[in-house]
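After the structure tokens below, expect a handful of questions from me.
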Amino acid sequence: MTIQKLRPTFTFTEDRLRQLQQVVPEAFADGKINWEALREALGEHLEDETQEHFGLTWPGKREARRLAALPPQGTLVPAPGEGVDEETTHNLFIEGENLEVLKLLQKSYAGRVKMIYIDPPYNTGNDFIYEDDYSEPLEAYLKRTGQMDEAGRRLTTNTRASGRFHSKWLSMIYPRLLLARQLLREDGVIFVSIDDNEVHHLRQVMNEVFGEENFVETFIWRSRLGKGATSKVTAKLHEYIVVYGKSKEQLDFLGDIRITATDKKERIRQWGQGDRREDRPTMYYPVFSEEFGWIYPKKPDRTDGRWRISKSEFEKLQQKGLVVFEKQPDGRVEAYRIIPAGTQTETAQDSILDTEKVKTTAFGSKEISTILEQNVFDYPKPTTLLCFLLELLNDKSALILDFFAGSCTTAHAVLAQNREDGGRRQFIMVQLPEPTPPDSEARKAGYATIAEIGKERIRRVIRKMKEEQNGQLPLPAAEDGQPSPLDLGFKVLKLTRSHFKPWAPLPPTDAHTLDSLFEQHASPLVQGWTPDGLLSEILLLEGFPLDSRVISLEGFGENALRRVHHAEVGHKLFVCLNEQIRPETVERLKAGEILGREDIFICLDSALTDEAKVVLDDRLRLKVI
Ligand SMILES: C[S@@+](CC[C@H](N)C(=O)[O-])C[C@H]1O[C@@H](n2cnc3c(N)ncnc32)[C@H](O)[C@@H]1O
């Protein structure tokens, strides 16, 4: 009997190794990499280490990469009461340090996120840059959140004078991008807001992480309307949004969509010289007009012009009566296609964003002041900008992640856009409980941290939308876990220590100490663990998304049995965390009345007799803690 033990595992490194193994299987033997074989497989493409080579490097890069590959030490526990409609919603707000959170999400969310939007600190010289602690990332987080110096200054502000200014920023962003990429679907996309302080480094680092071939665009966003400070040589009025696809080929982007208000005419004859798309031989063909007879641009005499559309397309339009010919004053006959009013047209999205549509930072501030009644957050993005990005994706049920959530503009935009177009998009916000400065408006208004601002904003947006629904209640979530038509809810989870005791190698010691160490490790769980907290850790370890439905099953006496399922996971989990599992419960599980062969039953190791374990292991997939 080999009953599986449920223990914390980390899939980031494992997943990448698995991917490598798929491409270069010959470099793997017995689960290990054969470096020589890999080297041979790569052959001439391998960079000669003795030569200079191209790429971005900075002091601390190796450590930053290593940091991404270190397993997480924490877990996420629900904070009931802080969200809205927590039992049925699919939207999440996670309070915590995003590197650790991104690691914890790997198993449940790898390849599931359609869009990531982040608005990280721009490294302006006044920014708080979270300096990762390599030895104890989680402990440092738990100790540090809430820390300010006496003057209320953030302890980790990255000033230009503090040295290694760019390196610190790069070491912060690099491991987070590495982990974020793993969460994206193959047709997923990442948008990163940034300005001139780091845009050049960001592009290079993203070329490395996402591949230069997956670079899509650097949008230019006019973030301010007025003039900048006059003392400067130039007035800075714009920022950037850098866009990469996980795989650009698979990206499904909608262009600039417009609906024509009136009939429009579009010229379909191209005049003049020059190499244009229309210059292909297939663009020269005769066309008959009742009024003007045969019109045929003659090749190679280009003075007659050429058609802009293919012959078959021309004929289709003509059959529908959507082509007109008009004689010009100079004698030329011009051909037009008619675009009837109400037609949806699409052109490639401009790289410079339309300010009318996406608005500016000032609009974002106005939105915050309206919703929260005070200006409690500096430089929020406008929801209009985020709605524009959401609309670019040809996917109304996308899962959207923002792990520098701030005041949660992204969550607000997801809710607003869903209401606008009937979408079922879901959001995951991640935000550090970064303390607000002591004398700030935010602190005076009672917001101790930025996370509190974000949560309150979402609550208020939801409240307002519910009021506006005029008492029309949204339909409850269906049993299959699909979101209800308009999901006006969110659930809060917080980063904290794992419920599993940290693994540490045993030091050389005497028999007595060893005995007590074994005793301590008899249960792998820390003292004071709670079933609800442990359940969400089990979801993360078993690869179940955090919006999985959890249902308490009746009829098992004092045994609390819960069934977990999610529409995107093929099997269910059955979890019982009682100290003892009653023989009657074992009997019912054995009878197979509630769970299938693929389903997993999880309980404490000590809760089952050896005999019961054998019986159950035979009937279902059993994992013990
Ligand atoms: C520029 S703001 C984002 C603003 C947001 N787009 C909005 O419209 O409100 C960046 C946010 O990232 C948060 N942050 C910085 N480092 C973080 C980390 N390591 N983990 C989680 N959040 C972090 C900061 O507290 C800050 O609120």
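Please read these numbers as outputs of a predicted model, since none were measured by experiment. Atoms within a ligand are numbered from 1 in the order they appear, just like the ligands themselves.
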Could you list, one pair per line, each nitrogen or oxygen of ligand 1 together with any protein nitrogen or oxygen closer than 3.5 Å, giving atom names and the distance rounded to 0.1 Å?
from: ligand 1; atom 1: 6 (N); to: D119; atom 2: OD2; distance (Å): 2.7
from: ligand 1; atom 1: 8 (O); to: K381; atom 2: N; distance (Å): 2.9
from: ligand 1; atom 1: 8 (O); to: T409; atom 2: OG1; distance (Å): 2.6
from: ligand 1; atom 1: 9 (O); to: S407; atom 2: N; distance (Å): 2.8
from: ligand 1; atom 1: 9 (O); to: S407; atom 2: OG; distance (Å): 2.6
from: ligand 1; atom 1: 19 (N); to: E97; atom 2: OE2; distance (Å): 2.8
from: ligand 1; atom 1: 19 (N); to: N98; atom 2: OD1; distance (Å): 3.1
from: ligand 1; atom 1: 20 (N); to: N98; atom 2: N; distance (Å): 2.9
from: ligand 1; atom 1: 20 (N); to: N98; atom 2: OD1; distance (Å): 3.2
from: ligand 1; atom 1: 20 (N); to: N98; atom 2: ND2; distance (Å): 3.2
from: ligand 1; atom 1: 22 (N); to: L432; atom 2: N; distance (Å): 3.3
from: ligand 1; atom 1: 25 (O); to: Q431; atom 2: NE2; distance (Å): 2.8
from: ligand 1; atom 1: 25 (O); to: E434; atom 2: OE1; distance (Å): 2.4
from: ligand 1; atom 1: 27 (O); to: Q431; atom 2: OE1; distance (Å): 3.4
from: ligand 1; atom 1: 27 (O); to: Q431; atom 2: NE2; distance (Å): 3.3

| query | Step by step, would you call W221 with K381 a side chain to side chain contact (heavy atoms under 4.5 Å, CB included)? | reply | CA-CA 11 Å; W221 170 48; K381 296 288 178 278; 3.7 Å; yes
| query | Under 30°, 30 to 60°, or over 60°: which ring-plane class applies to F219 and F388, parallel, tilted or perpendicular? | reply |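 Ring orientation of F219 relative to F388: perpendicular.
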| field | Audit row: D487, R424, salt bridge (charged side-chain N to carboxylate O under 4.0 Å, His left out) steps and yes/no | value | CA-CA 7 Å; D487 183 354; R424 292 169 167 224; over 6 Å; no
| said: With rounding to the nearest 0.5 angstrom, report the CG to CG distance, N207 to L56. | reply: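 The CG atom of L56 is 10.0 Å from CG of N207, to the nearest 0.5 Å.
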| query | Could E441 and K444 be called an ion pair, given the rule that one side-chain N must be under 4.0 Å from one carboxylate O? | reply |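 Result for this pair is no, no salt bridge flagged.
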| query | Do you know the tightest heavy-atom contact between L393 and L254? | reply |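 Smallest heavy-atom distance, with atoms named: O-CD1, 4.3 Å.
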